[in-house]
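Encoded as structure tokens, the structure appears first; notes follow it.
For the numbers below, each heavy atom of this structure counts, side chains included, while hydrogens, waters and symmetry mates do not. Order of the sequence lines fixes the chain letters, A, B, ..., with proteins taken first and strands second; residue numbering starts at 1 for each chain.
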There are 2 protein chains.
Amino acid sequence: MSHSWKAGVEAAIRAGERISDPYIVEQVRQAVLSQRLPPGTRLPEVALGEIFGVSRSVVRRALTRLAAEHVIDQRPNQVARVRSPSVEETRETFAARRLVEGEVAALLAGRGLQPGVLDELEREAQAEVEAHGRGDETARIAHSLAIHHRLAALSPNRVLGAMLTDLVLRTSIVIALYKRPTLASCFLEGDHPRLLAALAGGDAEGARRAIEAHLASLEALLDLGPREEEADLRAIFAGVTTS
Amino acid sequence: MSHSWKAGVEAAIRAGERISDPYIVEQVRQAVLSQRLPPGTRLPEVALGEIFGVSRSVVRRALTRLAAEHVIDQRPNQVARVRSPSVEETRETFAARRLVEGEVAALLAGRGLQPGVLDELEREAQAEVEAHGRGDETARIAHSLAIHHRLAALSPNRVLGAMLTDLVLRTSIVIALYKRPTLASCFLEGDHPRLLAALAGGDAEGARRAIEAHLASLEALLDLGPREEEADLRAIFAGVTTS
DNA sequence: GAGCCCCTTCCTGTATACAGAAGGTGGGCA
DNA sequence: TGCCCACCTTCTGTATACAGGAAGGGGCTC
């Protein structure tokens with residue numbers, strides 16, 4: 001039970017913020033994204049209620065919404081826990097995101113976007129490079145997320161945009177979960193600028209390819225080795241038993 | 001407030017069913033799908049609680065989940081209402097479903113499915129034709145839905161499968177909402193068999209095209225005329241004012 | 001010494017009470 | 001007669017109480 005997290009929230013509360021379930025949802029979401037709440041962490045309703053200074057009613061609502069967003073697992077009569085997606089689901093999430101974000105990027109390129117918006121995206125990409133240069137991984141991730149989040153918000157097709165928002169969150173969680181410990185950063189130099197160039201040039205298929213390549217590289221950076229399962233156990237000990 | 005609906009639920013309750021929020025979610029979902037609950041219908045918590053014989057706590061949870069599924073609209077301090085998607089959103093929902101279901105079909109065809117599963121799908125398609133033949137539109141819709149629902153469940157990529165389940169529900173709602181009144185049915189002869197043939201033949205791109213064509217035809221059957229907006233009002237009365 | 005069972009404790013499921021916001025309706029006023 | 005304001009009804013937001021289920025620990029038995 002990360003005390004630093006509790007402390008941070010308590011500080012925010014004392015600052016006079018109005019607390020209700022959207023606030024709690026956002027706080028938990030951010031805490032999970034930044035790994036202050038690692039997968040598997042228990043989220044008891046009473047504890048959360050005390051932290052945020054509200055009763056279980058509000059917390060329950062927030063938890064229900066977080067479960068709908070695939071951030072936590074809620075099982076009957078059991079404590080809610082931060083989700084810990086399997087390797088399998090990680091691969092599937094990436095595949096889904098390639099499909100959806102590729103389409104969104106293609107739509108965006110095809111229909112052309114406002115120059116101001118493009119400038120903003122390029123500023124974020126530049127900020128990401130700079131953050132990476134000075135070794136500030138937290139800021140780098142924030143800028144990278146901002147780009148993809150902005151893409152989702154700009155999507156001409158809002159249904160796809162909402163789906164993309166969900167997928168960006170889910171991939172971020174699994175990236176944090178499965179990142180190779182030896183890797184300092186998941187920064188892929190040039191990927192974002194390439195995407196923005198295709199977007200600026202109105203090259204729909206180029207934008208789609210840029211997204212697909214970017215996400216494939218990202219996935220390849222993860223440690224998605226063979227999953228530990230009972231089947232593996234049996235295979236490993238085959239012939240070792242006395243039978 | 002459709003009394004027939006209430007009566008049906010009350011009967012189900014007396015039958016001894018165990019009521020909790022998943023049950024309520026399912027009942028409301030089905031009622032919306034079958035248009036027993038038309039878009040815009042008010043869903044007050046107390047009324048629902050009385051109908052299902054539970055307190056507001058349970059109903060609230062169900063409503064929160066229904067809102068996450070895009071079945072109802074929940075605004076602060078306001079009664080929950082059955083959603084009434086705009087024409088714009090309808091088009092976007094269809095586009096999203098074409099993308100996702102096309103991919104699922106392609107995956108399924110590419111990886112090949114069990115013969116038994118294919119048989120089951122073909123039985124549903126046959127049952128749909130027969131239901132259409134005898135003019136039983138309710139049964140026809142049920143069989144058509146079963147095919148697409150099965151596709152979603154079979155998706156090798158479960159993330160995409162879950163997204164597809166959501167999209168099938170949402171398209172069904174808007175089909176019911178925007179169907180031309182003159183049309184007795186939205187049956188498209190041969191569409192489902194064509195899809196199944198591509199699936200059986202392992203023709204991934206053929207399956208994708210079959211899905212895309214099917215959904216495009218379906219969308220074309222709807223009455224998605226120009227939407228009524230204030231802009232139209234101004235245009236209509238341009239030059240009529242005294243100024 | 002190891003395994004099993006019971007008990008305790010924690011946590012969720014559900015119902016209910018009270019406060020406050022929203023919207024409709026009626027009366028009063030110009 | 002038309003408009004506006006105040007009241008009242010209805011409904012949601014939130015907190016709290018009580019009941020039941022799950023998990024963990026300690027003690028007992030083999």
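Looking at B:Arg56, its side chain comes within 3.5 Å of the base of D:dG13 through a donor and an acceptor atom. Residue-to-nucleotide contacts include no donor-acceptor pair under 3.5 Å from the side chain of A:Arg60 to the base of C:dG13.
Per the geometry, CD belonging to A:Gln74 stands 15 Å off P belonging to C:dC11, to the nearest Å. The distance from atom CD1 of A:Ile24 to atom C1' of D:dT14 is 12 Å, rounded to the nearest whole Å. Whole-Å rounding puts the B:Asn77 CG to D:dG13 C1' distance at 7 Å. Residue A:Leu63 contributes atom CG, which lies 8 Å from atom P of C:dT12 at whole-angstrom precision. Regarding A:Ile72, its CD1 atom lies at a distance of 10 Å from the P atom of C:dT12, rounded to whole Å. The interatomic distance linking A:Arg42 (CZ) with D:dA22 (P) rounds to 15 Å, in whole Å. Atoms CG (B:Leu48) and P (D:dC11) sit 12 Å apart, rounded to a whole Å. Counting to the nearest Å, the C1' atom of D:dA15 and the CD atom of A:Glu50 are 14 Å from each other.
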Report task. Please report the C-alpha distance between A:Arg170 and A:Glu89 in whole Å, then the side-chain angles of each, then the deciding distance to 0.1 Å, and finally whether the salt bridge (Lys or Arg N to Asp or Glu O under 4.0 Å) criterion is met. Result -> CA-CA 10 Å; A:Arg170 294 170 76 176; A:Glu89 184 180 326; 3.4 Å; yes

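Mapping A:Ser55 and B:Ala80 onto DNA chain D via the closest heavy atom, the residue that lands nearer the 5' end is B:Ala80.
Picking from C:dT16, C:dC11, D:dT12 the nucleotide with the shortest atom distance to the side chain of A:Pro44 gives C:dC11. Taking the side chain of A:Val46 as heavy atoms from C-beta on, and the options C:dC11, D:dT14, C:dG23, the nearest nucleotide is C:dC11.
Inspection of the A:Thr171 and A:Arg97 side chains reveals an N or O donor paired with an N or O acceptor under 3.5 Å.
Regarding contacts with the backbone of C:dT14, every side-chain N or O of B:Ser57 stays at 4.0 angstrom or more from both OP1 and OP2.
Salt-bridge annotation for B:Arg158 and A:Glu92: absent, with no side-chain N of the basic residue lying under 4.0 Å from a carboxylate O of the acidic one. A salt bridge links B:Arg29 with B:Glu26; the closest basic N to acidic carboxylate O contact falls under 4.0 Å.
No side-chain heavy atom of B:Asp21 sits under 4.5 Å from any side-chain heavy atom of B:Val54.
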